[in-house]
Visitor: 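A single structure is presented below for examination.
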Amino acid sequence: MRTRIKNAHIVLPDGTTQVDVVMEDHTIADIDAAPQMQVDEVIDAAGLHLLPGVVDDQVHFREPGLTHKEDLAHASRACAKGGITTFLEMPNTVPNAITQELLLDKLALGAEQSIVNYGFYIGATPDNIEELKHATRTPGIKIFIGSSTGDLLVDGQDALEQIFAETTLPLTAHCEDETTIAENRKRIGPITHLADHSRIRDHQAAIVATQRAIDLALRHKHRFHVLHVSTAAECDVIPGNDPWITGEACPHHLFFNIDDYARLGTLVQMNPSLKTAADNEAIWQALVDGRLQVIATDHAPHTLEEKRQPYPQSPSGLPAVENSLALLLNEVNRGRCNLEQVVHWMCDAPARVWDIVGKGRIAVGYDADLVLVDLRKKQTVRNEDQLSKCGWSPWHGTELTGWPVRTWVMGKEVFRDGQIVASGATGHEATYDHARGGYWATQCD
Ligand code: DOR
């Protein structure tokens, strides 16, 4: 089956150009295809932009074990709607994905349920080093250096040294320092106000843990990806050109800050916590100047009932896969960034950080994971429209300009004009070529 996407504006690293893209079966077969090339289907994309499907390297899809909040069927549909064609999911499911066997169970669930491509991290514990050393079919190892939702935690220095010294898979971590958090809790005393969340999980907690992880990575010469940077100071300790270190921002740390607690309450309670407007600005700046390379969502849904409990009973986390690309396209329209940057942060860079084969670019031979976006389309985010099982969004009521209109996963259409059109579980397991050496080693491909 050959499909011509005609007159699409495609976004290449050095600019945008209008061409015909042809997909054949799973792959991109031609770019700037000759008009006489025989095809089975023609899609007129005049006036629209064709982007590589988004690779979201940080999501919590809750299956198995927490499927009252989210599951792979709902979440992957939310991804397709949001232009995300590959997700990498975190190990704090129930049971935690901390062995090869449990990883294989999640991969089987992905194959059964997901309409977009999938991958699953293996979680570190203080005593699963042998599993971490031999794990396969995974993008990398996730360490909770600070605790968040669930009970995964490795904060002892010896255990961390061992993980950085003895494993070979790329590493990533939730960086909030447990000692700092405990001291802040003690100093603040009885906690009743949501604003205390950002005082307990404060700037210092984030900086200390991020600095500690970077130090481990540099000493052990081990690839390390800093997740969800929430402070200006972390941006300053991420070198931005060191072969071992990459870093990432999330929409909530770009678009929300502590001033939003008054309006949105526990809906925007997150770990790492929201910080200040100055931190938002600094994180944007770090993306623009290349110290941070990736934008990912940290999609972490809880039910509205759970979120509406009074703080501190309320859990941390918010859903975002459905709206992350639109939020960034809206910023393109506002002039804050350009489309090339969005494609870099959301598609190409995460694919390279995790050595994902065939993803993140529109190039001949790459997988036909594509999203057609209409930069002029205006739409308001509404809770009632959300496909995520939790059924709410912290951006409810926000009008955004620039939306995905069609999404293809490995050449199969999964989303079109507001509807999911996938037939069956169209997602494929992501594959990794870790010998490539990650983001910095592949910069000039
Ligand atoms: O706020 C958060 N919630 N941060 C995380 O790192 C985990 C997530 C969750 O799984 O709920």
Side-chain angles (χ1 to χ4, degrees), residues 56-72 74-75 87-98 106 120-121 123-124 140-155 171-178 181 194 196-198 200-202 205-206 209-210 213 225-231 234 247-258 260-261 264-275 294 296-309 311-321 324 388-390 392-394:
D56 190 337
D57 77 6
Q58 191 189 177
V59 301
H60 302 263
F61 284 172
R62 311 300 194 202
E63 188 165 353
L66 297 164
T67 52
H68 67 288
K69 298 174 194 275
E70 184 65 288
D71 58 33
L72 291 166
H74 283 85
F87 65 80
L88 303 181
E89 208 256 359
M90 289 296 164
N92 59 337
T93 38
V94 179
N96 294 317
I98 53 172
K106 286 182 81 164
F120 300 96
Y121 295 91
I141 299 167
K142 164 75 181 278
I143 314 170
F144 281 85
I145 293 179
S147 54
S148 186
T149 301
D151 56 5
L152 282 174
L153 178 66
V154 184
D155 72 334
L171 293 168
T172 191
H174 182 108
C175 293
E176 286 184 294
D177 182 56
E178 286 290 304
I181 291 172
L194 177 58
D196 288 334
H197 193 64
S198 295
I200 296 166
R201 292 175 178 266
D202 65 352
T210 295
H225 184 63
V226 185
L227 296 171
H228 43 42
V229 166
S230 64
T231 64
E234 286 168 285
E248 155 173 329
C250 297
H252 48 274
H253 292 129
L254 292 169
F255 296 108
F256 296 133
N257 58 59
I258 48 174
D260 292 297
Y261 284 147
L264 293 164
T266 52
L267 295 185
V268 289
Q269 178 191 328
M270 282 299 294
N271 302 333
S273 67
L274 299 183
K275 307 294 190 310
V294 174
T297 61
D298 197 9
H299 177 93
H302 301 278
T303 66
L304 264 185
E305 291 66 35
E306 289 166 334
K307 286 296 269 183
R308 282 184 177 141
Q309 293 171 91
Y311 184 78
Q313 285 84 39
S314 48
S316 296
L318 56 79
V321 288
S324 57
S388 173
K389 194 168 183 184
C390 71
W392 61 274
S393 166

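When a ligand or atom number is given, it counts from 1 through the structure's own listing order. All values below come from the heavy atoms of this structure, side chains included, with hydrogens, waters and symmetry mates left out.
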Visitor: Below 4.0 angstrom, N of the basic side chain to O of the carboxylate: do Glu176 and Arg201 qualify?
Guide: yes
Visitor: With hydrogens left out, which residues have an atom under 4.0 Å from ligand 1, given that only heavy atoms count?
Guide: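 Close residues (ligand 1, cut-off 4.0 Å): His60, Arg62, Asn92, Ser148, Thr149, His174, His228, Met270, Asn271, Asp298, Ala300, His302, Ser316, Gly317.
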Visitor: Kindly assign one of parallel, tilted or perpendicular to the pair His299 and Phe61, based on the angle between their ring planes and the thresholds 30° and 60°.
Guide: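 Perpendicular.
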Visitor: Do the side-chain N and O atoms of His302 and Lys69 include a donor-acceptor pair separated by under 3.5 angstrom?
Guide: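 A donor-acceptor contact under 3.5 Å links the two side chains.
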Visitor: Does a donor on one side chain sit under 3.5 Å from an acceptor on the other, for Asn271 and His228?
Guide: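 No, no side-chain donor-acceptor contact under 3.5 Å.
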Visitor: Counting C-beta onward and ignoring hydrogens, is there a side-chain heavy-atom pair between His60 and Glu70 closer than 4.5 Å?
Guide: no
Visitor: How far apart are the closest heavy atoms of Ala173 and Lys142, and which atoms are they?
Guide: C-CE, 4.2 Å
